[in-house]
There are 2 protein chains.
Amino acid sequence: MEDVAHLAGVSLKSVSRVVNREPHVSDTLRAKVEAAIAALSFVPDTAARSLAGSRTFIVGLLFDNPSPNYTMKIQSGVYRACVEQQYHLRIDNIESDRPHAEVEAQLDAIVRNSRCDGFILTPPLTDNIQVLAFLERRNIRYARIAPNSELGRSPCVAIDDAAAGALVARRLWNLGHRRLGVVSGPPLHRAGDRRRTGFLAAIRELDPAVVVAEADGLFSFESGIAAGADLLARDPRPTAIFATNDDSAAGVMVACGRAGLRVPHDISLCGFDDSWVAKSVWPYLTTVYQPIEEMGYVAASLLIDRGETGERQVMLGFHLVERDSLAPPS
Amino acid sequence: MEDVAHLAGVSLKSVSRVVNREPHVSDTLRAKVEAAIAALSFVPDTAARSLAGSRTFIVGLLFDNPSPNYTMKIQSGVYRACVEQQYHLRIDNIESDRPHAEVEAQLDAIVRNSRCDGFILTPPLTDNIQVLAFLERRNIRYARIAPNSELGRSPCVAIDDAAAGALVARRLWNLGHRRLGVVSGPPLHRAGDRRRTGFLAAIRELDPAVVVAEADGLFSFESGIAAGADLLARDPRPTAIFATNDDSAAGVMVACGRAGLRVPHDISLCGFDDSWVAKSVWPYLTTVYQPIEEMGYVAASLLIDRGETGERQVMLGFHLVERDSLAPPS
DNA sequence: AATCATTCAGTCAGCGCTGTCAAGACTGCG
DNA sequence: CGCAGTCTTGACAGCGCTGACTGAATGATT
């Protein structure tokens with residue numbers, strides 16, 4: 001930095017001002033400094049910055065029970081935001097199903113150790129009141145991804161799961177399906193539940209007389225097989241099934257195969273997530289895309305911007321990805 | 001740290017010595033300091049350590065084209081090693097399929113920006129000579145995961161892919177299969193090729209007269225469908241197929257389904273990786289487990305140990321995970 | 001014309017640790 | 001018993017940057 005200051009003929013502090021985009025810097029000075037920075041391809045030292053200043057230029061990403069696909073996508077979005085803003089990304093893992101005290105200890109170790117500027121929370125951490133309270137007590141900023149409660153409590157980013165469920169409902173309805181089935185997610189997964197209730201509500205609105213067959217799923221492939229078998233055994237048998245995530249949809253597809261039913265000729269099937277499974281089954285799964293990578297990006301941006309911009313709650317879009325698992329009832 | 005020194009009645013430097021496990025520290029002093037550290041639950045400040053010293057306590061993990069599953073597993077292994085050694089993990093992404101100069105620029109930005117103690121390289125970066133040369137030119141340490149060439153060039157960790165291929169060959173042979181098929185990986189994936197050649201060599205040894213049907217795959221689901229269809233059309237039709245990764249094995253399974261063949265009753269199928277796909281198909285795939293998470297762990301340990309321990313090249317074990325896709329020929 | 005507010009640039013201490021050097025306490029050996 | 005050599009501890013500067021402060025110059029206000 002000294003070299004830069006020398007080359008530009010200004011003080012160290014002025015270079016610092018330019019680097020940090022502080023106000024009260026004249027255009028000529030800024031220009032000189034920027035030229036010098038470019039000439040020397042100067043990069044400020046993160047360690048020194050965080051030691052001297054109050055920021056650390058690190059955002060922490062907290063995970064729990066990583067579903068590889070989801071986790072990876074969130075991470076790459078967060079990473080992209082970090083690179084753009086010259087921040088670093090630190091990953092940490094929490095096992096939130098441990099006893100209270102132990103979770104607290106894990107958190108404590110992480111925050112002591114990493115002095116992040118803030119954390120990004122992914123489900124199920126997102127709705128873990130204990131974690132939220134801990135962070136608030138320590139006065140640590142955090143942003144949440146896909147929270148299910150107390151949206152105002154922190155910056156957060158999500159999609160409208162109920163509306164997405166309704167979208168699927170309308171699509172199946174418009175195809176002509178009147179005997180519908182739905183596979184739920186784990187009991188505590190509120191987002192999954194909102195997909196289900198949104199679906200149900202939309203059908204009820206279309207025709208209150210239609211009853212939708214329901215089966216319990218756990219968002220796993222295996223649970224999808226069971227739920228599918230369950231649904232297929234109903235009388236009358238559904239002509240279309242909405243599984244609230246892709247893994248269980250893949251399971252339902254296996255159940256269909258075992259029952260001798262071909263997708264989509266004999267039965268239509270729709271998943272949710274547009275995860276990697278959707279293209280690892282045959283036929284390729286029609287599913288709802290949710291912008292997971294983008295959610296990571298937005299969450300990180302929210303955190304880094306330090307509330308300078310207005311929006312604290314961001315709702316992102318979603319859309320149906322039409323592939324090969326939907327058809328009119330035969 | 002000052003508080004610790006005070007409480008233990010020693011100098012700052014002595015605390016530093018204990019924290020860094022430096023030699024020439026008496027047991028009594030160490031004990032005093034450790035007690036004080038525990039009492040105050042002191043955690044050294046990483047920023048200050050890296051500013052003052054030569055180490056940064058950060059290991060960088062370099063990725064390219066993340067296959068979510070593999071990437072996640074590597075990452076969690078590396079993470080585990082980092083936590084144990086009080087290091088931090090930084091993730092960075094390289095797009096190595098760009099032109100030479102651009103890759104160089106990406107690398108340059110990363111090393112300038114993050115001053116890591118070393119990097120961990122995953123395939124295909126592992127065998128990218130350009131990346132290796134760059135790091136060496138800058139005198140930056142690195143460890144490689146599953147390299148295919150110049151093993152001695154750096155610390156690295158891998159499995160014996162050829163032996164794993166041979167293991168599959170013997171298993172299928174012992175089941176009684178004599179008409180065999182194999183699905184290869186992408187042309188440049190050397191590890192995949194060694195699985196294939198290891199398989200072929202083992203069969204040749206068992207009976208030189210047996211010819212193995214071969215089909216080209218790309219490690220993708222879709223390519224597996226095509227390769228499976230190809231193999232199934234041969235005359236005589238193979239009774240067992242070895243796909244050199246799980247994704248293509250899943251594709252082969254679809255091809256079998258479409259051809260009206262049931263796995264494993266009509267045809268046996270073996271994958272490789274024990275990735276998450278292996279349990280997202282029905283029947284569950286018998287496959288070769290390779291300790292991906294462990295490879296990440298070992299690579300990070302190799303990097304952090306700074307060559308103090310002897311082993312620079314570590315070969316890890318693998319084993320067959322018997323699930324439901326193998327049976328004697330019908 | 002005098003006063004005050006505001007913008008712009010610079011000085012300097014110090015963030016929390018480690019590397020270097022030096023001094024004191026030992027040890028072994030002639 | 002003395003001297004070189006080794007082990008153990010401490011003093012202190014300084015890593016590269018930023019926050020708090022100071023001072024000068026400019027503009028706005030009475």
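Letters go in sequence order (proteins before strands), and every chain restarts at 1.
Contacts of B:Glu95 classified as salt bridge (Lys or Arg N to Asp or Glu O under 4.0 Å), with partners at least two apart in sequence or in another chain: B:Arg98. A:Asn148 pairs by the side chain to side chain donor-acceptor pair (under 3.5 Å) definition with A:Asp127, A:Arg194, not counting sequence neighbours. Take A:Asp108 and apply the salt bridge (Lys or Arg N to Asp or Glu O under 4.0 Å) test, not counting sequence neighbours, and it matches A:Arg112, A:Arg138. Take A:Ser50 and apply the side chain to side chain donor-acceptor pair (under 3.5 Å) test, not counting sequence neighbours, and it matches no residue. Checked against salt bridge (Lys or Arg N to Asp or Glu O under 4.0 Å), A:Asp160 has no partners two or more places apart in sequence or in another chain. Listed by chain and residue number, A:Arg153 satisfy the salt bridge (Lys or Arg N to Asp or Glu O under 4.0 Å) test with A:Glu136 (two or more places apart in sequence, or in another chain). For A:Phe318, there are no ring-ring contact (aromatic ring centres under 6.0 Å, His included) partners, not counting sequence neighbours. Checked against side chain to side chain donor-acceptor pair (under 3.5 Å), B:Tyr70 has no partners two or more places apart in sequence or in another chain.
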Protein proximity profile, nucleotides 5-11 of chain C - base contact B, sugar-phosphate-only contact S, no contact -, cut-off 4.0 Å on heavy atoms | --SSBBB

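B:Arg21 has its CZ atom 13 Å from the P atom of C:dT18, to the nearest Å. Between B:Glu22 atom CD and C:dC17 atom P the separation is 14 Å, expressed in whole Å. At whole-Å resolution of the value, CZ in A:Phe57 and P in D:dC17 are 11 Å apart. Rounded to whole Å, atom P of D:dT18 lies 14 Å from atom CD of A:Glu2.
Pairs engaging residues 30-51 of chain A under the salt bridge (Lys or Arg N to Asp or Glu O under 4.0 Å) rule: A:Asp45-B:Arg115 [sequence neighbours left out].
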side-chain contact (heavy atoms from CB on, under 4.5 Å) between A:Val78 and A:Val59, intermediate numbers included = CA-CA 9 Å; A:Val78 171; A:Val59 337; 4.2 Å; yes

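Contacts of residues 32-53 of chain A with DNA chain C (heavy atom under 4.0 Å): A:Leu51, A:Ala52.
Over its full length, the helix from C:dA1-D:dT30 to C:dG30-D:dC1 turns its helical axis through 40°, comparing axes from the five pairs at each end and rounding to 10°.
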